[in-house]
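Here is the naming used below: chain letters follow the sequence lines, and residue numbers restart at 1 for every chain. All values derive from a computational prediction rather than experimental measurement.
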Amino acid sequence: MTWRPVGLTRDVPAGRVMRAWVDGQDAVVWRSTRGVLSAWDNRCPHRGMALSHGFVRGEDLACLYHGWHYGAEGGVCSLIPSHPDLTPPDTIKTRAFQSAESDGVIWVRLEGSPDLAPPAIAPGLDPLRSFEIRAREGDIAHGAAAKPFEPAILSLLFNPIAHDRTLVTVLIDAQATSDQRKLASRWCEDVRREVEA
Amino acid sequence: MSLAYARNDWYVIADRNSLEQGPRRTRLLGDEIHVSGSYAHPVIKDASGRMLPTQIKFDHVWTTVGDRPRPLFDIPEGNEPGRRLVPCGMVRVKCSPLRAVENFLDIAHFPFVHTDVLGAEPYTEVEPYKVEIREQNDEVWATKVKFFQPLAAKSAAGGITTDYEYRVPAPTTAVLYKTCPPKPEAQDVITIFVQPRSETECDVWPWMALYDDDTPYADLVQFQQMIFLQDRSILENQRPIKLPLDPRMEIPTRSDLTSVAYRRWLKKRGAFYGALAETL
Amino acid sequence: MEVREIRLEGRLGSDSLPVWVRHRAGLLNLSGWLDRADAEHARIVVAGPGPMIEAMEVSCSLGPADVMVEQISSSPLWLDDIPQGFSIR
């Protein structure tokens, strides 16, 4: 399976929970209080509630529905509040995916060799922003190419979410000035508007 | 999906308030339904113009599209003197009608979904309770259910351990009997009538029969609506959308006993509309 | 750690039952075994923490899609030589 860029490191600080899509799989991406990043099937194994609506408690992600806790290391259930005295067996766990961060981008992969790192981004680029466009990857690439951005080097990463939705992660030359970054953000909006029209 | 079973049940499709706003279209079991007339004389037609039978019960208008409808159950508490009958309007939820009923039967979510109202941490433990299928009328009953609640009802002043009983008289109706704070020897009755618009969308019509003459009507309705809007955030985010009748994908524990008994009861009677009856 | 015997009665003839029961025991980390006497009767012996044994009972009362459990009952067993893992007998 391929590593997919699902968002920016700075968009998922400690305690934050986010929903992501990876090769058609609904996923939850979250960071524990101490900073451990995890990516799991977005489904509580208890009753099927989306874990992306859950809340972080220390090193655990808790499901909003019945408060079942799952630990950052491996997604093992650590607490079932309706049976507070029970130590749940480590066979009760979420389905965990591989997650990694490089150059400020969060990458998730459903399966694959654990020692294979996500693709390195060209050196000298900073993440600018990550946002959704209601269009296919090919149409976005086409729209972006038709509207070259002159002030600084940009690089676009794509993650297909659904047949007509794509998460776009934009990287910019690390040397770019704040004015150039503002212009690049505006360019992103222009491309989105044109491609979605 | 067993539409055949579902067609022969009665469903709420309007209340007095919705009829007073003039003719409306709604959906029942996937088909369009036309509702007009007055509350005393409602006129219900299916998409082909066929008149459907109606009855007024529990402050709502009921209809059925089946050829051999099962009789509509009774809720005798609705006739008890001294009770105040409170229809609470409607909440639309994009979920299986069966999931709406299942959630209504669940107490373990109170501290997390209805935080500081129907439950609060650290009072999360669910004590053992009793669940049975009552043979004489083939209903699911859960009894001896207890839960600590910081603000159990509009009429409650502070935290109390509330006693609950649940009754499922039909696949899309659930009745709850709970401690009535100002009248400890009696029980308040809170019901949901679920109108299955399709297998994945429903209108929930709450109805209450309370011993509470003091709380303004608007406050009672607002309280119930708040609870249901909180539940909706759960119901629209469960996977799979239809209610699985095989627990393979889930991990029920003792506190889910009512949910499991409800699913078993649906499975046994073949009430599969809104359910995932096959193995995934 | 408790040991309990769970007895099932109903339409249990489907081939899916043993696989399903073993999967559930694995998920709840329970050791023990399943004996299926005939198409209507089965007996499950499980060892593990009380709440997980109760969870096993709750799941078994619903069972796989093509099985209809009509009756379920359980009682404690005083056995201490339950081998690790779950087997079909």
Side-chain angles (χ1 to χ4, degrees), chain A residues 17-22 24-30 40-58 60-71 75-97 110 161-162, chain B residues 94-96 98-99 102-103 105-115 118-129 145-148 230-260 262-263 275-276 280:
Chain A
V17 186
M18 180 183 90
R19 188 181 194 178
W21 294 90
V22 183
Q25 168 71 52
D26 192 355
V28 57
V29 176
W30 67 283
W40 299 339
D41 182 6
N42 187 18
R43 185 177 182 279
C44 176
H46 172 222
R47 294 263 290 264
M49 175 64 190
L51 286 171
S52 55
H53 289 257
F55 51 95
V56 175
R57 285 270 172 91
D60 292 342
L61 177 63
C63 177
L64 176 63
Y65 199 1
H66 300 97
W68 287 33
H69 282 223
Y70 302 93
V76 172
C77 181
S78 56
L79 175 70
I80 299 178
S82 60
H83 303 282
D85 300 330
L86 171 74
T87 303
D90 54 16
T91 43
I92 298 183
K93 57 184 176 189
T94 62
R95 193 152 66 94
F97 308 133
L110 297 186
I161 295 174
Chain B
K94 284 194 173 58
C95 75
S96 156
L98 306 180
R99 282 209 184 269
E102 182 192 60
N103 174 71
L105 304 173
D106 185 90
I107 55 167
H109 73 283
F110 289 169
F112 304 99
V113 180
H114 310 298
T115 311
L118 299 185
E121 291 182 90
Y123 310 103
T124 58
E125 183 163 9
V126 176
E127 302 287 340
Y129 55 85
V145 186
K146 288 184 188 303
F147 210 68
F148 179 83
Q230 290 170 341
D231 285 322
R232 187 162 75 178
S233 68
I234 298 296
L235 290 167
E236 297 190 339
N237 289 289
Q238 278 176 284
R239 223 184 335 132
I241 294 177
K242 292 198 227 169
L243 184 72
L245 296 190
D246 181 335
R248 185 180 304 259
M249 294 185 71
E250 305 188 353
I251 309 176
T253 73
R254 173 167 48 70
S255 52
D256 301 297
L257 197 53
T258 318
S259 147
V260 166
Y262 170 61
R263 296 186 196 198
L276 202 60
L280 286 169

Visitor: State, yes or no, whether a side-chain contact exists between A:His46 and A:Tyr65 at a heavy-atom distance under 4.5 Å.
Guide: no
Visitor: Any heavy-atom pair between the side chains of A:Cys63 and B:Phe112 that's under 4.5 Å?
Guide: no
Visitor: Tell me whether B:Asn237 contacts the main-chain N or O of B:Ser233 through its side chain, where contact means a donor paired with an acceptor under 3.5 Å.
Guide: yes
Visitor: Go through B:Pro122, B:Ser255, B:Pro111 and name the one with the most non-hydrogen pairs under 4.5 angstrom from chain A.
Guide: B:Ser255
Visitor: Looking at B:Ile251, B:Val113, B:Asp231, B:Ile107, which has the largest count of heavy-atom pairs under 4.5 Å with chain A?
Guide: B:Ile251
Visitor: What part of B:Thr115 gets within 4.5 angstrom of chain A, counting heavy atoms only: side chain, backbone, both, or neither?
Guide: neither
Visitor: For A:His66, is it the side chain, the backbone, both or neither that has a heavy atom under 4.5 Å from a heavy atom of chain B?
Guide: both
Visitor: Just give me the residue among A:Ala62, A:Ala50, A:Ser82, A:Ser52 that pairs up with chain B most often, heavy atom to heavy atom, under 4.5 Å.
Guide: A:Ser82
Visitor: Which region of B:Glu127, side chain (C-beta onward) or backbone (N, CA, C, O), has a non-hydrogen atom less than 4.5 Å from a non-hydrogen atom of chain A, or is it both or neither?
Guide: neither
Visitor: Fit a plane to each ring of A:Trp30 and A:Trp40, take the angle between them on a 0 to 90° scale, and name the class: parallel (under 30°), tilted (30 to 60°) or perpendicular (over 60°).
Guide: perpendicular
Visitor: Mind checking whether A:Met49 and B:His109 have side chains closer than 4.5 Å, heavy atoms only?
Guide: no
Visitor: Side chains of A:Val76 and A:Tyr70, heavy atoms from C-beta outward: is any pair under 4.5 Å?
Guide: no
Visitor: Under 4.5 Å from any heavy atom of chain A, what part of B:Asn103 do you find: side chain, backbone, both or neither?
Guide: both
